[in-house]
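Lettering follows sequence order; numbering is per chain, from 1. Quantities reported herein were computed from a predicted structural model and do not represent experimental measurements.
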Protein chains: 2
Amino acid sequence: MTRKPAIEDAALALFASEGFEGASLGRIADSVGIRKPSIYAHFRSKEDLFLSVFKRTLRRKQQVLFRQVLHGANRPFEDNLYDLAEHLMDEYESDAETRFLLRMSYFPPRSLHDEVMGLVNPFFEQAERSLTRLLQRKENAVRLHPGGAHEAALAYVTVLDGVLAEAIYGSRDTAAKRLKAVWPVYCRGVLRP
Amino acid sequence: MTRKPAIEDAALALFASEGFEGASLGRIADSVGIRKPSIYAHFRSKEDLFLSVFKRTLRRKQQVLFRQVLHGANRPFEDNLYDLAEHLMDEYESDAETRFLLRMSYFPPRSLHDEVMGLVNPFFEQAERSLTRLLQRKENAVRLHPGGAHEAALAYVTVLDGVLAEAIYGSRDTAAKRLKAVWPVYCRGVLRP
DNA sequence: TTTAACCTAACGACCGTTAGTTTGTTTTTG
DNA sequence: CAAAAACAAACTAACGGTCGTTAGGTTAAA
């Protein structure tokens, strides 16, 4: 009957909404229902707690993302990419893990900047490579504008980040409007005429 | 011989790199070369200092942006939009005001969330409207894909945020690659074939 | 002589962290 | 099988440090 997962969950939620410096161990302990020093039975320090939560989150999201991209059925690739963007946009509102991951990738704790980026960068680079490989498969490549699959992949992640940015400082509604507007533009831009 | 502007400059730099909670009045005072309580000769509280800096920054950036978009010479609009994106991307690296504005728009101090967003949202909404109006001018509108100027404007700000996102958690170099990749896609997507 | 801009000293609150203790469960042993 | 030992997970108390903030004094310009 250990509270370790509960501590990680509470830390995740508070880190996501208040940032690393803004979230205190006292508040984390409160929201679990334990005393502040009890956290040290499971984690050596606040940074240790943070890294543990961050790695766990990265691992989970990697799995989910992998399944979602792989499990592409046999629809046109752009439909799958649209669904993925819509899914991530929705998740930013509903899922604290997504908010946490995004916020900490943008602005990691200063003392852990290099370590966090050492974890985040491979994550996004691999996602980008997977996407490029998907677009290079010949049934997709023939439908692409002769600019190349890599260009289409880079453009996609850029558009995706733009939509997510609006989900962060705007709302799900305004982000949805952006996605609806940018998507036809993206498709005309990457698909063969 | 008042240090008020110096305090604002130091606060801006520290807020930009450490966030609101991460930047302490002590460090701000240190970097100005005064004592911490002296700040209270000019600002009623840390939040007051923040809001003062934030409003000043918003005002300045609004002017700069306005001039840059207006002063469009008579080149094709897409060239001006490209230059603007490149300019903002470079600025994120070189200009603390841009980093400050972007970071605080994404993740404002929790206690000031509503007030900050009440300032930020009109700023971006007006920028978006200006852009739409620019694209609606007939010499530009005739060159646009029949999806409309508003779609092209929304798509642009989305793409721009995507590039800036990479400037934040990546580097100027990787952001530049994104811009180079996404730009032909954007142009094919919004221009009449 | 008033006023503005700085100073020193100090406040209470909260921060992350450590030490040492209690408690209840699991494991080992007579 | 029951007693004893070991262990893990919580606790209380308190640490030194830093936080934002206030009170009150000094100095120099207006």
Side-chain angles (χ1 to χ4, degrees), chain A residues 1-57 100 103-104 107-116, chain B residues 1-57 100 103-104 107-116:
Chain A
M1 187 233 175
T2 175
R3 316 292 268 280
K4 188 167 179 177
I7 294 172
E8 291 179 325
D9 290 347
L12 179 120
L14 273 169
F15 285 149
S17 66
E18 324 249 352
F20 179 77
E21 291 86 3
S24 77
L25 295 181
R27 305 255 321 271
I28 293 171
D30 279 353
S31 94
V32 177
I34 61 175
R35 302 289 167 185
K36 178 171 56 158
S38 306
I39 294 175
Y40 286 82
H42 304 280
F43 304 96
R44 283 195 313 278
S45 66
K46 189 186 184 184
E47 298 190 350
D48 184 41
L49 167 60
F50 173 85
L51 282 175
S52 171
V53 173
F54 191 79
K55 286 174 187 167
R56 191 191 71 167
T57 306
F100 169 75
R103 176 167 192 164
M104 293 309 153
F107 303 111
R110 205 155 167 51
S111 61
L112 298 174
H113 177 275
D114 291 353
E115 193 157 359
V116 168
Chain B
M1 187 228 173
T2 174
R3 315 293 267 281
K4 188 169 180 176
I7 295 173
E8 291 179 324
D9 290 345
L12 179 119
L14 273 169
F15 286 149
S17 66
E18 326 248 353
F20 179 77
E21 290 87 2
S24 75
L25 294 181
R27 304 256 321 271
I28 293 171
D30 279 351
S31 94
V32 177
I34 59 174
R35 302 290 168 187
K36 179 170 56 159
S38 305
I39 294 175
Y40 286 82
H42 305 281
F43 305 95
R44 283 194 314 280
S45 66
K46 190 185 184 184
E47 297 190 350
D48 183 42
L49 168 58
F50 173 85
L51 282 176
S52 170
V53 173
F54 192 78
K55 286 174 186 165
R56 191 192 71 168
T57 306
F100 169 76
R103 177 169 193 162
M104 292 310 154
F107 304 111
R110 205 157 167 44
S111 61
L112 299 174
H113 178 276
D114 291 353
E115 193 157 358
V116 169

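- Just one of A:His42, A:Glu8, A:Lys4 meets the side-chain hydrogen bond (donor to acceptor under 3.5 Å, both in side chains) condition when paired with A:Ser52; it is A:Glu8.
- Atom C1' of nucleotide D:dC19 and atom CD1 of B:Ile28 are separated by 12 Å, given to the nearest angstrom.
- The CZ-C1' distance, from A:Arg27 to C:dA13, rounds to 15 Å in whole Å.
- When the side-chain nitrogen and oxygen atoms of A:Ser24 are compared with OP1 and OP2 of C:dC14, none of them lie within a distance under 4.0 Å.
- Counting all heavy atoms, side chain and backbone alike, B:Phe50 lies closest to B:Leu112 at CD2-CD1, 3.6 Å.
- Going from atom OH of B:Tyr40 over to atom P of C:dC11 covers 17 Å, rounded to whole Å.
- Taking 4.0 angstrom as the limit, A:Arg35 places a side-chain polar atom (N or O) nearer than this to OP1 or OP2 of D:dT12.
- Between A:Arg44 and B:Ile7, the residue whose closest nucleotide on DNA chain C is further toward the 5' end is B:Ile7.
- Counting non-hydrogen atoms under 4.0 angstrom, B:Ala23 reaches the backbone sugars and phosphates but no base.
- Side-chain N or O atoms of B:Lys46 include one that pairs as donor or acceptor with a backbone N or O of B:Ala23 at under 3.5 Å.
- Distance, B:Leu25 CG to C:dA10 C1': 16 Å, rounded to whole Å.
- The side chain of B:Lys36 has D:dG20 as its nearest neighbour among D:dC11, D:dA9, D:dG20.
- Taking every side-chain heavy atom of B:His42 into account, C:dC6 is the closest of C:dC6, C:dG16, D:dA10.
- Looking at the side chain of A:Ala41, the nearest of the listed nucleotides C:dT18, D:dA10, D:dG20 is D:dA10.
- The side chain of B:Ser38 places an N or O atom within less than 4.0 Å of a non-bridging phosphate oxygen (OP1 or OP2) of C:dC7.
- Rounded to whole angstrom, the span from the CD1 atom of A:Ile39 across to the C1' atom of C:dT18 amounts to 14 Å.
- The distance from atom CG of A:Leu49 to atom C1' of C:dC15 is 15 Å, rounded to the nearest whole Å.
- Listed nucleotides: C:dA9, C:dG16, D:dA10. Nearest to the side chain of B:Pro37: C:dA9.
- Counting non-hydrogen atoms of other residues, nucleotides and ligands closer than 6.0 Å to CZ of A:Arg35 gives a total of 12 or fewer.
- Between the CZ atom of A:Phe20 and the P atom of C:dC15 there is a distance of 13 Å, rounded to whole Å.
- You'll find the side chain of A:Glu21 stays beyond 4.5 Å of the side chain of B:Phe20, heavy atoms only.
- Between B:Phe50 atom CZ and D:dG20 atom P there is a gap of 14 Å when expressed in whole angstrom units.
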